[in-house]
Amino acid sequence: MIKVINKIFNIIYPKRCPFCDKVIESSLSICDSCKNDVAPIFIQRDIFLDEKIIPCISPFKYTGKVAESIKNFKFNGRKEYAECLSKFMVDTFNIYYKNEKIDYITSVPLYSSRKRDRGYNQAEILSKSIGKKVNITYKNLLKKDKINLQQHMLSYDKREENVKNVYSAKRKDIINGSKILICDDVITTGSTLKECCRILYENGASKVLGITTASTKVN
């Protein structure tokens with residue numbers, strides 16, 4: 001019965017490649033033609049916070065089909081893309097962080113009204129999907145207290161100022177003493193992740209690591 005229901009569901013709502021939107025078999029993650037176009041390159045960038053160096057890893061550079069997929073996932077309601085994108089992120093996790101004993105995974109938060117308008121927080125969906133795949137508990141550890149301009153609307157030199165004092169800790173009791181993996185969709189200047197990491201460290205995190213789907217820079 002379940003197989004029949006799934007078959008009907010797949011006919012009505014066929015699975016699509018997250019990089020070109022072509023209909024694909026339900027057992028596949030991406031179409032054959034996109035396998036070559038979106039091969040991961042595995043990027044590590046460092047975020048400098050006072051005396052700390054916070055690594056942030058990504059499977060992709062933010063360009064071409066990858067950038068279009070993330071935009072559709074983020075702004076056009078394609079939440080189903082998270083399943084495939086998170087698989088690539090887990091592959092990256094297993095290269096860089098496999099031996100790290102991480103306590104919790106969390107996400108960069110959205111302001112409440114922006115999350116309500118969009119219907120979801122794309123970073124939260126990615127975080128939960130990654131957490132299930134690598135057996136790390138997801139916790140909502142941060143909150144966004146103020147609405148600010150969206151980072152992609154600003155020049156690079158104004159982005160760090162734009163995110164100052166807009167985040168705060170939501171679960172200080174859990175943050176204190178924990179090693180935390182924080183997730184976002186894209187790292188550009190690193191200003192947003194840096195500010196979130198600052199809040200986590202100020203509230204007692206023992207170590208913070210970053211992961212995103214894509215990076216605008218290779219190094």
Side-chain angles (χ1 to χ4, degrees), residues 15-19 21 29-30 34 38 40-45 47 54-63 65-98 100 102-112 114-144 150-152 163 167 170-171 179-188 190-197 199-200 208-216:
K15 190 173 183 179
R16 293 180 178 274
C17 173
F19 299 105
D21 211 39
S29 296
I30 63 175
C34 285
V38 297
I41 59 174
F42 304 118
I43 302 162
Q44 178 176 332
R45 290 175 55 186
I47 299 168
I54 303 161
C56 181
I57 58 172
S58 316
F60 298 114
K61 186 175 181 182
Y62 187 71
T63 187
K65 288 184 176 181
V66 171
E68 288 304 310
S69 179
I70 292 172
K71 288 175 185 175
N72 284 324
F73 167 49
K74 187 173 182 176
F75 299 116
N76 296 327
R78 303 307 294 268
K79 292 191 291 184
E80 69 272 19
Y81 286 1
E83 178 61 25
C84 177
L85 295 175
S86 66
K87 286 181 180 178
F88 286 104
M89 296 170 78
V90 167
D91 289 342
T92 313
F93 176 95
N94 287 332
I95 291 172
Y96 291 95
Y97 295 158
K98 188 175 183 178
E100 296 278 359
I102 297 169
D103 297 301
Y104 302 105
I105 182 169
T106 194
S107 55
V108 172
L110 282 179
Y111 189 67
S112 56
R114 189 162 287 163
K115 183 177 180 180
R116 185 169 58 250
D117 291 343
R118 188 175 297 174
Y120 56 92
N121 175 359
Q122 72 284 348
E124 181 179 340
I125 294 175
L126 287 170
S127 297
K128 289 179 176 179
S129 184
I130 293 168
K132 288 179 181 179
K133 291 177 173 64
V134 298
N135 197 29
I136 299 175
T137 301
Y138 175 84
K139 292 290 184 181
N140 191 1
L141 301 179
L142 298 168
K143 59 182 178 177
K144 192 169 185 179
Q150 295 186 43
Q151 291 288 81
H152 70 268
V163 293
Y167 301 104
K170 188 173 184 178
R171 293 296 306 271
K179 183 183 288 188
I180 298 165
L181 176 64
I182 184 167
C183 174
D184 203 1
D185 53 349
V186 179
I187 178 171
T188 304
S191 299
T192 299
L193 280 169
K194 180 179 178 179
E195 183 66 9
C196 288
C197 290
I199 299 298
L200 292 172
V208 183
L209 305 166
I211 188 169
T212 68
T213 311
S215 170
T216 58

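- Nearest approach of Met89 to Ile130, heavy atoms of both residues: CE-CD1, 3.5 Å.
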List, one per line, each side-chain donor-acceptor pair under 3.5 Å for residues 134-142, sequence neighbours excluded.
{"residue": "Tyr138", "atom": "OH", "partner": "Ser107", "partner atom": "OG", "Å": "2.9"}

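- Taking 4.5 Å as the limit, every side-chain heavy atom of Asp91 sits out of range of all side-chain heavy atoms of Pro40.
- In this structure, Tyr62 contributes its side chain and Thr213 its backbone to no donor-acceptor pair below 3.5 Å.
- Residue Ser127 comes nearest to Ile105 through the heavy atom pair O-CD1, 3.5 Å, listed as atom of the first residue, atom of the second, then distance.
- Closest approach of Ile199 to Tyr167, counting heavy atoms only: CD1-O, 3.6 Å.
- A distance of 11.0 Å separates CD1 in Ile211 from CG in Leu193, rounded to the nearest 0.5 Å.
- Under a 3.5 Å cut-off, the side chain of Arg45 and the backbone N or O of Thr188 do form a donor-acceptor pair.
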Candidate pair Ser86 and Ser129, rule side chain to side chain donor-acceptor pair (under 3.5 Å), full reasoning: CA-CA 6 Å; Ser86 66; Ser129 184; 2.7 Å; yes
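- Contact detail for Phe60 and Val38: the closest heavy-atom pair is CE2-O, 2.8 Å.
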Given Phe42 and Ile57, is the side-chain contact (heavy atoms from CB on, under 4.5 Å) satisfied, shown in steps? CA-CA 7 Å; Phe42 304 118; Ile57 58 172; over 6 Å; no
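- The line from SG of Cys196 to CD1 of Ile180 is 11.0 Å long, rounded to the nearest 0.5 Å.
- Distance check: Ile30 CD1 to Lys15 NZ gives 10.5 Å after rounding to the nearest 0.5 Å.
- A distance of 9.5 Å separates CD of Glu80 from CZ of Phe73, quoted to the nearest 0.5 Å.
- One N or O on the side chain of Ser69 and one on the backbone of Pro18 form a donor-acceptor pair closer than 3.5 Å.
- Asp185 places no side-chain N or O within 3.5 Å of a backbone atom of Ala123 that could act as its donor or acceptor partner.
- Using a cutoff of 4.0 Å between basic side-chain nitrogens and carboxylate oxygens, Glu100 and Lys98 are not scored as salt-bridged.
- In plain terms, the two heavy atoms of Gly210 and Tyr97 that are nearest each other are O-OH, 2.8 Å.
- Not counting sequence neighbours, Lys143 has no partner by the side-chain hydrogen bond (donor to acceptor under 3.5 Å, both in side chains) test.
- A salt bridge is absent between Lys65 and Glu68; no separation between the charged side-chain nitrogens and carboxylate oxygens falls under 4.0 Å.
- Checking Asn76, Asn72, Asp21 one by one against Tyr81, the side-chain hydrogen bond (donor to acceptor under 3.5 Å, both in side chains) holds for a single residue, Asp21.
- When the side chain to side chain contact (heavy atoms under 4.5 Å, CB included) test is applied to Ser29, the partners found at least two apart in sequence or on another chain are Cys84, Lys87.
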Please lay out, stage by stage, how Lys144 and Lys115 fare under the test side-chain contact (heavy atoms from CB on, under 4.5 Å). CA-CA 11 Å; Lys144 192 169 185 179; Lys115 183 177 180 180; over 6 Å; no
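- Ion pairing between Glu83 and Lys132 fails under the 4.0 Å rule for side-chain N and carboxylate O.
- To the nearest 0.5 angstrom, Gln44 atom CD is 11.0 Å from Thr92 atom OG1.
- In this structure the side chain of Val186 never reaches within 4.5 angstrom of the side chain of Thr212, judged on heavy atoms.
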Carefully, step by step, assess Val66 and Phe88 under the rule side-chain contact (heavy atoms from CB on, under 4.5 Å). CA-CA 11 Å; Val66 171; Phe88 286 104; over 6 Å; no
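- Heavy atoms only, all atoms of each residue included: Gln122 and Leu110 are closest at OE1-CD1, 4.3 Å.
- Contact check for Ile54 versus Ile182: no side-chain heavy atoms found under the 4.5 Å cut-off.
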